[in-house]
Amino acid sequence: MAKVLVAYFSKSGNTKSMAEAVGEGVKQAGGEVELKSVGDIQSPAELVNYDGIIVGSPTYYGIMAAQVKEFLDKSIKVHEQLEGKVGGAFSSCGIEGGGSETTNISIIQALLVHGMVVPGFSSTGHFGPVSTGKPDQRAIEECKKLGQRIVDLAEKLSG
Ligand SMILES: Cc1cc2nc3c(=O)[nH]c(=O)nc-3n(C[C@H](O)[C@H](O)[C@H](O)COP(=O)(O)O)c2cc1C
(Lines give C-alpha, C1' and ligand atoms only; values in the text may rest on other atoms or scores of the structure.)
Protein backbone atom coordinates (compact mmCIF):
# COMPACT_ATOMS: atom_id res chain seq x y z
CA MET A 1 0.00 0.00 0.00
CA ALA A 2 1.43 3.37 -1.01
CA LYS A 3 2.15 5.69 1.89
CA VAL A 4 1.65 9.35 1.03
CA LEU A 5 2.46 12.56 2.90
CA VAL A 6 0.40 15.66 2.17
CA ALA A 7 2.51 18.54 3.51
CA TYR A 8 0.94 21.99 3.38
CA PHE A 9 0.92 25.48 4.79
CA SER A 10 -2.33 27.39 5.17
CA LYS A 11 -3.09 30.61 7.01
CA SER A 12 -6.77 31.12 6.25
CA GLY A 13 -7.81 27.54 5.47
CA ASN A 14 -8.07 27.43 1.66
CA THR A 15 -4.95 25.33 1.09
CA LYS A 16 -5.88 23.17 4.07
CA SER A 17 -9.26 22.35 2.46
CA MET A 18 -7.39 21.38 -0.69
CA ALA A 19 -5.00 19.20 1.36
CA GLU A 20 -7.96 17.38 2.89
CA ALA A 21 -9.39 16.65 -0.56
CA VAL A 22 -5.99 15.39 -1.79
CA GLY A 23 -5.93 13.11 1.27
CA GLU A 24 -9.40 11.79 0.41
CA GLY A 25 -8.18 10.97 -3.09
CA VAL A 26 -5.24 9.04 -1.67
CA LYS A 27 -7.61 6.99 0.48
CA GLN A 28 -10.04 6.43 -2.40
CA ALA A 29 -7.16 4.92 -4.39
CA GLY A 30 -6.34 2.58 -1.50
CA GLY A 31 -3.32 4.49 -0.20
CA GLU A 32 -2.40 5.44 3.33
CA VAL A 33 -2.20 9.18 3.94
CA GLU A 34 -0.80 11.53 6.54
CA LEU A 35 -1.78 15.21 6.40
CA LYS A 36 0.70 17.52 8.08
CA SER A 37 1.18 21.23 8.23
CA VAL A 38 4.82 21.91 7.31
CA GLY A 39 5.31 23.41 10.77
CA ASP A 40 4.38 20.07 12.34
CA ILE A 41 7.00 18.09 10.46
CA GLN A 42 9.58 17.59 13.19
CA SER A 43 12.44 16.32 11.06
CA PRO A 44 13.16 16.02 7.34
CA ALA A 45 14.17 12.43 8.11
CA GLU A 46 10.44 11.63 8.22
CA LEU A 47 10.23 12.17 4.47
CA VAL A 48 12.07 8.97 3.62
CA ASN A 49 9.17 6.97 5.10
CA TYR A 50 6.79 7.89 2.28
CA ASP A 51 6.35 6.61 -1.27
CA GLY A 52 4.70 9.86 -2.32
CA ILE A 53 5.05 13.45 -1.11
CA ILE A 54 2.48 16.06 -2.14
CA VAL A 55 3.12 19.67 -1.21
CA GLY A 56 0.54 22.47 -1.04
CA SER A 57 0.94 26.20 -0.53
CA PRO A 58 -0.92 29.45 -0.80
CA THR A 59 0.46 31.71 -3.52
CA TYR A 60 2.58 34.46 -2.01
CA TYR A 61 3.85 36.89 -4.64
CA GLY A 62 3.52 34.30 -7.38
CA ILE A 63 5.45 31.52 -5.68
CA MET A 64 5.17 29.24 -2.66
CA ALA A 65 4.92 30.74 0.83
CA ALA A 66 8.19 31.15 2.75
CA GLN A 67 7.08 28.50 5.24
CA VAL A 68 6.90 25.92 2.45
CA LYS A 69 10.25 27.01 1.01
CA GLU A 70 11.79 26.63 4.45
CA PHE A 71 10.37 23.09 4.69
CA LEU A 72 11.83 22.27 1.26
CA ASP A 73 15.19 23.86 2.11
CA LYS A 74 15.39 21.75 5.27
CA SER A 75 14.78 18.65 3.16
CA ILE A 76 18.40 18.95 1.98
CA LYS A 77 19.13 16.71 4.98
CA VAL A 78 17.61 13.83 3.00
CA HIS A 79 18.94 14.86 -0.40
CA GLU A 80 19.44 11.78 -2.64
CA GLN A 81 17.17 9.73 -0.37
CA LEU A 82 13.94 10.87 -2.06
CA GLU A 83 15.10 9.84 -5.55
CA GLY A 84 12.38 7.95 -7.42
CA LYS A 85 9.58 8.83 -5.00
CA VAL A 86 6.45 10.33 -6.51
CA GLY A 87 5.55 13.98 -5.95
CA GLY A 88 2.92 16.57 -6.71
CA ALA A 89 1.87 20.12 -5.93
CA PHE A 90 -1.30 22.12 -5.33
CA SER A 91 -1.91 25.74 -4.49
CA SER A 92 -4.38 28.44 -3.66
CA CYS A 93 -4.33 32.09 -4.67
CA GLY A 94 -6.48 35.17 -4.14
CA ILE A 95 -7.43 36.24 -7.67
CA GLU A 96 -7.83 34.67 -11.12
CA GLY A 97 -4.40 34.64 -12.72
CA GLY A 98 -2.86 35.32 -9.32
CA GLY A 99 0.01 32.89 -9.82
CA SER A 100 -1.14 29.48 -8.58
CA GLU A 101 0.39 27.75 -11.59
CA THR A 102 3.75 29.38 -10.98
CA THR A 103 3.43 28.37 -7.33
CA ASN A 104 2.90 24.75 -8.36
CA ILE A 105 5.87 24.98 -10.70
CA SER A 106 8.03 26.45 -7.91
CA ILE A 107 7.20 23.44 -5.72
CA ILE A 108 7.64 20.96 -8.57
CA GLN A 109 11.11 22.40 -9.32
CA ALA A 110 12.24 21.48 -5.82
CA LEU A 111 10.74 17.99 -6.07
CA LEU A 112 12.55 17.43 -9.37
CA VAL A 113 15.83 18.53 -7.77
CA HIS A 114 15.23 15.71 -5.28
CA GLY A 115 14.99 13.32 -8.23
CA MET A 116 11.32 12.73 -7.65
CA VAL A 117 8.84 11.70 -10.34
CA VAL A 118 6.08 14.27 -10.89
CA PRO A 119 3.06 13.61 -13.14
CA GLY A 120 1.45 16.30 -15.25
CA PHE A 121 -2.25 16.37 -16.10
CA SER A 122 -3.45 16.57 -19.71
CA SER A 123 -7.06 17.59 -19.22
CA THR A 124 -7.24 19.33 -15.83
CA GLY A 125 -4.88 21.86 -14.18
CA HIS A 126 -1.71 20.78 -15.97
CA PHE A 127 0.73 21.40 -13.13
CA GLY A 128 -1.57 20.23 -10.35
CA PRO A 129 -4.75 21.56 -8.79
CA VAL A 130 -5.19 25.31 -8.33
CA SER A 131 -7.91 27.23 -6.55
CA THR A 132 -8.88 30.87 -6.32
CA GLY A 133 -9.92 31.45 -2.72
CA LYS A 134 -12.07 28.76 -1.13
CA PRO A 135 -11.81 25.65 -3.33
CA ASP A 136 -14.94 25.04 -5.41
CA GLN A 137 -16.17 21.62 -6.54
CA ARG A 138 -13.85 21.61 -9.58
CA ALA A 139 -10.81 22.29 -7.42
CA ILE A 140 -11.88 19.65 -4.87
CA GLU A 141 -12.28 17.04 -7.62
CA GLU A 142 -8.86 17.92 -9.07
CA CYS A 143 -7.31 17.59 -5.61
CA LYS A 144 -8.85 14.14 -5.21
CA LYS A 145 -7.57 13.21 -8.65
CA LEU A 146 -4.05 14.31 -7.66
CA GLY A 147 -4.16 12.06 -4.59
CA GLN A 148 -5.38 9.13 -6.68
CA ARG A 149 -2.76 9.70 -9.38
CA ILE A 150 0.09 9.77 -6.87
CA VAL A 151 -1.02 6.45 -5.35
CA ASP A 152 -1.44 4.83 -8.79
CA LEU A 153 1.97 6.02 -9.94
CA ALA A 154 3.73 5.06 -6.71
CA GLU A 155 2.30 1.56 -7.02
CA LYS A 156 3.32 1.26 -10.67
CA LEU A 157 6.86 2.39 -9.88
CA SER A 158 7.21 0.00 -6.95
CA GLY A 159 5.94 -2.95 -9.00
C1 LIG B 1 1.93 37.66 1.72
C2 LIG B 1 0.82 37.30 0.78
C3 LIG B 1 1.07 37.30 -0.57
C4 LIG B 1 0.06 36.94 -1.47
N5 LIG B 1 0.34 36.93 -2.79
C6 LIG B 1 -0.63 36.58 -3.67
C7 LIG B 1 -0.37 36.58 -5.07
O8 LIG B 1 0.74 36.83 -5.53
N9 LIG B 1 -1.40 36.26 -5.89
C10 LIG B 1 -2.65 35.96 -5.44
O11 LIG B 1 -3.55 35.70 -6.24
N12 LIG B 1 -2.91 35.91 -4.11
C13 LIG B 1 -1.93 36.22 -3.22
N14 LIG B 1 -2.20 36.17 -1.88
C15 LIG B 1 -3.50 35.64 -1.42
C16 LIG B 1 -3.43 34.14 -0.99
O17 LIG B 1 -2.68 33.37 -1.92
C18 LIG B 1 -4.83 33.55 -0.90
O19 LIG B 1 -5.60 34.31 0.01
C20 LIG B 1 -4.84 32.09 -0.52
O21 LIG B 1 -6.10 31.53 -0.79
C22 LIG B 1 -4.52 31.90 0.96
O23 LIG B 1 -4.45 30.53 1.23
P24 LIG B 1 -4.72 29.94 2.71
O25 LIG B 1 -6.21 30.19 3.02
O26 LIG B 1 -4.42 28.49 2.62
O27 LIG B 1 -3.84 30.66 3.66
C28 LIG B 1 -1.22 36.56 -0.98
C29 LIG B 1 -1.46 36.57 0.41
C30 LIG B 1 -0.46 36.93 1.28
C31 LIG B 1 -0.73 36.90 2.77
Side-chain angles (χ1 to χ4, degrees), residues 2-29 31-44 46-47 49-76 82 85-114 116 118-151 153-154:
K3 205 171 161 190
V4 177
L5 171 68
V6 181
Y8 66 92
F9 172 73
S10 184
K11 207 166 184 178
S12 51
N14 296 329
T15 314
K16 185 176 183 195
S17 300
M18 296 178 83
E20 287 165 353
V22 173
E24 248 182 81
V26 170
K27 284 192 222 153
Q28 282 169 356
E32 188 185 325
V33 68
E34 282 187 44
L35 250 69
K36 287 190 181 183
S37 165
V38 289
D40 292 336
I41 297 172
Q42 304 296 328
S43 161
E46 289 178 34
L47 299 178
N49 298 327
Y50 300 97
D51 305 299
I53 299 168
I54 307 175
V55 180
S57 177
T59 298
Y60 282 4
Y61 287 91
I63 54 172
M64 71 182 98
Q67 290 83 349
V68 178
K69 182 67 164 68
E70 187 186 11
F71 158 70
L72 288 168
D73 286 353
K74 284 184 181 165
S75 70
I76 195 168
L82 305 184
K85 293 184 186 292
V86 182
F90 59 95
S91 63
S92 174
C93 67
I95 59 165
E96 288 292 327
S100 264
E101 284 176 282
T102 47
T103 298
N104 280 355
I105 288 289
S106 71
I107 293 168
I108 288 169
Q109 279 179 346
L111 302 184
L112 291 177
V113 173
H114 269 299
M116 293 173 67
V118 180
F121 298 82
S122 58
S123 54
T124 53
H126 301 318
F127 308 105
V130 293
S131 171
T132 305
K134 188 173 181 288
D136 59 11
Q137 203 48 41
R138 177 213 46 88
I140 293 292
E141 289 309 317
E142 290 192 27
C143 287
K144 288 183 189 169
K145 186 174 165 181
L146 172 64
Q148 290 163 355
R149 178 73 69 83
I150 295 301
V151 171
L153 193 51

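All figures in this text were calculated on a predicted structure; none of them were measured in a lab. Indexing begins at 1, ligand by ligand and atom by atom, following the structure's order.
- Atom NZ of Lys85 has more than 12 heavy atoms from other residues, nucleotides or ligands within 6.0 Å.
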Report all side-chain donor-acceptor pairs from residues 19-28 shorter than 3.5 Å, counting only partners two or more places apart or in another chain.
from: Gln28; atom 1: OE1; to: Gln148; atom 2: NE2; distance (Å): 2.8

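- The residues Lys144 and Glu141 are annotated as salt-bridged, a charged nitrogen and a carboxylate oxygen being separated by less than 4.0 angstrom.
- In terms of modelled atom types and a separation under 3.5 Å, the side chain of Thr102 and the main chain of Gly62 share a donor-acceptor contact.
- Among protein residues, Ser10, Lys11, Ser12, Gly13, Asn14, Thr15, Pro58, Thr59, Tyr60, Tyr61, Gly62, Ser92, Cys93, Gly94, Ile95, Gly98 come within 4.0 Å of ligand 1, judged on heavy atoms.
- The backbone N or O of Gly94 sits nowhere less than 3.5 Å from a side-chain atom of Thr132 that would complete a donor-acceptor pair.
- Inter-residue side-chain proximity for Ile63 and Ser57 is flagged as unmet; no heavy-atom pair is nearer than 4.5 Å.
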